[in-house]
Amino acid sequence: MTKSLQFVSGGGEMGALIRAYNWESSPVGPADKWPQSLRTTLNILLNSKFPMFLYWGTNLVCFYNDAYRFSLGNDGKHPLLLGMKGEEAFPETWHIVKPPIDQVLADGEATWSEDQYVPIYREGTLKDAYWTFSFSPVKDESNKTAGVFLTLIETTEKFNNLKKIEESNDQLSFAIEATELGTFDFNPLTNKFIGNNRLKDWFGLPHEIEVDLTLAINVMVEKDRSRVTDAIQKTLQFESGGLYDIEFGIITPVTKQERIVRAKGKVWFGDDKTAYRFTGTLQDITEQAIARKKIEESEQRFRNLILQAPVPINTFQGPFFIVDTINKTALEIWGKTYQEVINKPVFDSSPELEDSIKKILHNVYTTGEPFIANEIPVQVKRTGKPDTAYFNTVYQPLRDLDNKIYGIIAIGTEVTEAVNARKQIEASEKRFSNILEQSLMAVSIFKGREMRISFMNEPMIVMFGKGRDVIGKPLIEVLPEIEGQPFPQLLDDVYTTGVPHYGYEMPGTLVRNGKAEETYFNFVYQPYREVDNSITGIVVIGTEVGVQVIAKKQIEESENRFRTFADSIQNLAWIANAEGFIYWYNQRWYDYTGTTLEEMEGSGWQKVHHPDKVKKVTEFLSEAWKKDEAFELTCQLRGYDGKYRWFLTRAYPVKDANENIERWIGTNTDIHEQKEKEQKKDEFISIASHEMKTPLTTAKGYLDLLLLLFSEENQTAFSYANKAKQAVDRLNSFVTELLDASKIQNGKLDYNISMFEFNEMVDEAIEDIQLTAKNHSVQKTANNTRQIKGDRDRLQQVMINLLGNAVKYSPNGEKVIIKVEEQDGNIQVSVQDFGVGMSSQHLDKVFDRYYRVQEHAVYFQGLGIGLYISKNIIERHQGKIWAESELEKGSTFYFTLPL
Ligand code: ADP
């Protein structure tokens, strides 16, 4: 080291290089000749940690320190640069550097340049670099500017960062532009904010730099204002975390349209936890909000639809199957309340469903494959008591707009009725085949045209006689002998036409009590129809009718016997149905009348009845058929020779098990001879009584005279005369009765109708009877004092007859009770005695002509015509007469007369 360079001791690498440099041949000359100003400057330069550079002298020779050397990098100009002329050192940038140097040299004033682009040669190439530098003059001893001192810092990195920031700022604003965001930067201390123009446009705010928050708040939709203010206040609290996210409406002042915006922001807090800045963005989400509202509405509609659906529906949300909608019907089925299940994972609220649907839900949720579960039995309590209902349920995935599954909808369709119906059908089919199996009827079912035996119950198998293994085989295979016979054709006809075929009373075998029995069957070959009515086979039903066939045969036989018998008797016989339609006559009838069944059927009999009487007979019969009693009538029937003969017709009703008349059987007995004799007898009686009447009256008159003569003088003669008189009186009354009877017989009994006091007439009759009946007391009660219309004498005759009988048939002298009562528009008279009475079979007959109870005839005198006449008189007055009696107790005779 030359002594002259002591002044540059230290100075690091550059200090060492300067000291070692051979300055003699350089433009600045040898170091010991350097002026003080250069030495001082170099000293400062080498000892500074700040990058420094010095151009010295007219050649602007280069000096620099370690700090500067650093920016030259490796493989650059270091260390060649030291001692070079400036012009030669930086030929590539000299045009940039030279002007400020020149200016400093000329003016002696320092310069300042910031972030100047001055490329630098380092790492083997010329690199972009930025610098902030100052050129300042260095004066020599004569106060002349001898060098230019350059202080500089490389700002390449800072510059690059700034550029990056700028770029990113550009990008941010581009993004803000592109996303159409409004931005704000709010100062909580001043309550003012800075916003971008878009935001200000939205709010219709002035384009000033700072705007008061209240102006913005006022633009908001009224209902949102306090909510937004509260949210801002809350966000400004440190505890809130300082994040802000809110939606609200604004009414843009210019357009007066409502927009919905979403504001997002962040608050910056100082160390003291107070907010100092609140920045953020606003986004116009009107369209989204509308869309979202629409979606919400549609979702709501969907929910309502579910809630109101009459079928069970619910939705499960998310992988935990949270029940987020469920309707009443579904709740009923689940047996849960709304609160129990809503918004809860289904298996939390209803663990019992886990077994049945967990797998299903999982599968649908993960695969998206819908699942259909059919006829799931569910216990429901719809009527208060548990009931099994059946549902077909569809589990369908719910997908969002991106087609992602977010839940499941379960829709049930109740099929209880169908299931029950099917079960019933199954049960009834089962029952049906059980019934068929156990039926006494022989049943088999042939299926298809080949008549395959698909069913055969035990009785049919027995009848068939081929064993059980015929089932399943075609008929022709089991019975090859029927081939070509009419039977297969018959079955085929039933199959084709659907018209059943009946076979009656066909002989066959039956095993009864282990014994084979020959018997008869009725067969029905019926088409076997499916539910759709199509014919797929034939049902054969055989009913054993052996008993019926035998019974029928027996009936036929007995009928035959009856006919033979009926035809062989003397009587004319006939059979009528319950309504009196005569459908059968015996041969005797046809022989006598000379007619045929065709003429006689129904009321053909009218043709052979006497034309004078046929009307009366018809009337009588039409009444008689209605009663269910045997009846009799006498009639005249014309013989084949045209002559009429008298017959007594007797008819008996034949009744079924229910006491309903099934038919009438009648016989007509020829009474022509008796009738003729009777007529002759009547004629005789009539003539005789008529002839006797006059002599009797004469005899009676003389006896009266005799009684008057003998009354005082000759007691004996008087009593004889009196007895004769009594006998004549009795004879007289007999004759009168006989005459009356024959008059009735000939329809010649006269009546004198007048109004009279009924009671008075009765009293007279009693008086009359009491004259002779000394041992009887006749007692009368009457509740009637009416005048009635009728033949007084004839009605008195009836009274006397009934009273006379009462006295006569109570020989021990009892009392006789007479009641005259008015009831139901009638006068009813009863005459009761306590005498011998009679058994009930006589009660009707005593009113017949000449009828007398045999036992009575032995002890009591009479002709048996008093009641016959009485009945006639009462009936002529449109009244009724009847008797009640009990043997040994007495009788009561009643008659009524209409008022
Ligand atoms: P009769 O002249 O025989 O009395 P009626 O015609 O008066 O003839 O009576 C017919 C028959 O009725 C009698 O023969 C008798 O058998 C019976 N009869 C009539 N009234 C009575 C009576 N009050 N008590 C018992 N039997 C009577």
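Quick caveat, the model's predicted, so the values are computed rather than measured. For ligands, and for the atoms within them, numbers begin at 1 and follow the listed sequence.
- Ranking protein heavy atoms by distance to atom 10 (C) of ligand 1, first place goes to Tyr851 O, 3.4 Å.
- The heavy atom nearest to atom 16 (O) of ligand 1, considering only Glu737, His842, His856, is found in His856.
- Contact analysis leaves Gly835 out of contact with ligand 1, as no non-hydrogen atom separation drops below 4.0 angstrom.
- Checking each of Leu637, Asp591, Thr667, Val608 against Leu572 for a side-chain contact (heavy atoms from CB on, under 4.5 Å) leaves exactly one that passes, namely Leu637.
- Applying the salt bridge (Lys or Arg N to Asp or Glu O under 4.0 Å) criterion to Asp763, with sequence neighbours excluded, gives Lys780.
- Here Lys725 pairs with Asp729 in a salt bridge; the nearest charged N to carboxylate O distance falls below 4.0 Å.
- Heavy atoms of Met838 found under 4.0 angstrom from ligand 1 belong exclusively to the side chain.
- Where the criterion is an N or O separation shorter than 3.5 Å, residue side chain and backbone included, Gly862 fails it with respect to ligand 1.
- When heavy-atom distances to ligand 1 are checked against a 4.0 Å cut-off, Leu863 comes that close only through its backbone atoms N, CA, C and O.
- Using a 4.0 Å cut-off between a side-chain N of Lys or Arg and a carboxylate O of Asp or Glu, Glu764 and Arg792 qualify as a salt bridge.
- Distances between N or O atoms of Gly866 and those of ligand 1 include at least one value under 3.5 Å.
- Between Asn805 and ligand 1, an N or O atom pair is found at a separation short of 3.5 Å.
- The pair Glu619-Lys616 does not meet the salt-bridge criterion, since no charged nitrogen lies less than 4.0 angstrom from a carboxylate oxygen.
- Only the backbone of Ile865 comes within contact range of ligand 1, with a heavy atom under 4.0 Å; no side-chain atom does.
- Under 4.0 Å is where a charged nitrogen must lie from a carboxylate oxygen, and between Asp844 and Lys871 no such pair does.
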Next item on the list: Evaluate the ring-ring contact (aromatic ring centres under 6.0 Å, His included) criterion for residues Tyr585 and Tyr592: first the C-alpha distance (whole Å), next the side-chain angles of each, then the deciding distance (0.1 Å), finally the verdict.
Entry: CA-CA 11 Å; Tyr585 293 91; Tyr592 170 73; over 10 Å; no

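- Electrostatic pairing of Glu505 and Lys552 counts as a salt bridge here, judged by a charged N lying under 4.0 Å from a carboxylate O.
- Under a 4.0 Å N-O distance rule, the pair Asp740/Lys748 does not qualify as a salt bridge.
- In this structure, of Leu867, Val807, Leu887, the residue bringing a heavy atom nearest to atom 5 (P) of ligand 1 is Leu867.
- Counting only heavy atoms of the protein, atom 13 (C) of ligand 1 lies nearest to Tyr809 OH, 3.1 Å.
- Atom 3 (O) of ligand 1 has as its closest protein heavy atom Arg852 NE, 2.4 Å.
- Regarding atom 23 (N) of ligand 1, its nearest protein heavy-atom neighbour is Asp833 OD2, 2.9 Å.
- Every atom of ligand 1 with a heavy atom of Val853 under 4.0 Å away is listed here by number and element: 14 (O), 16 (O).
- The aromatic rings of Phe758 and Phe895 stand perpendicular to each other, their planes meeting at an angle above 60°, with 30° marking the opposite boundary.
- Ranking protein heavy atoms by distance to atom 12 (O) of ligand 1, first place goes to Val846 CG1, 3.5 Å.
- In the vicinity of Lys808, heavy-atom distances shorter than 4.0 Å reach the ligand 1 atoms 1 (P), 2 (O), 4 (O).
- Within the 4.0 Å heavy-atom criterion, the part of Phe893 lying near ligand 1 is the side chain and not the backbone.
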Next item on the list: Apply side chain to side chain donor-acceptor pair (under 3.5 Å) to Tyr894 and Glu884, showing your working.
Entry: CA-CA 8 Å; Tyr894 299 88; Glu884 289 168 3; 3.1 Å; yes

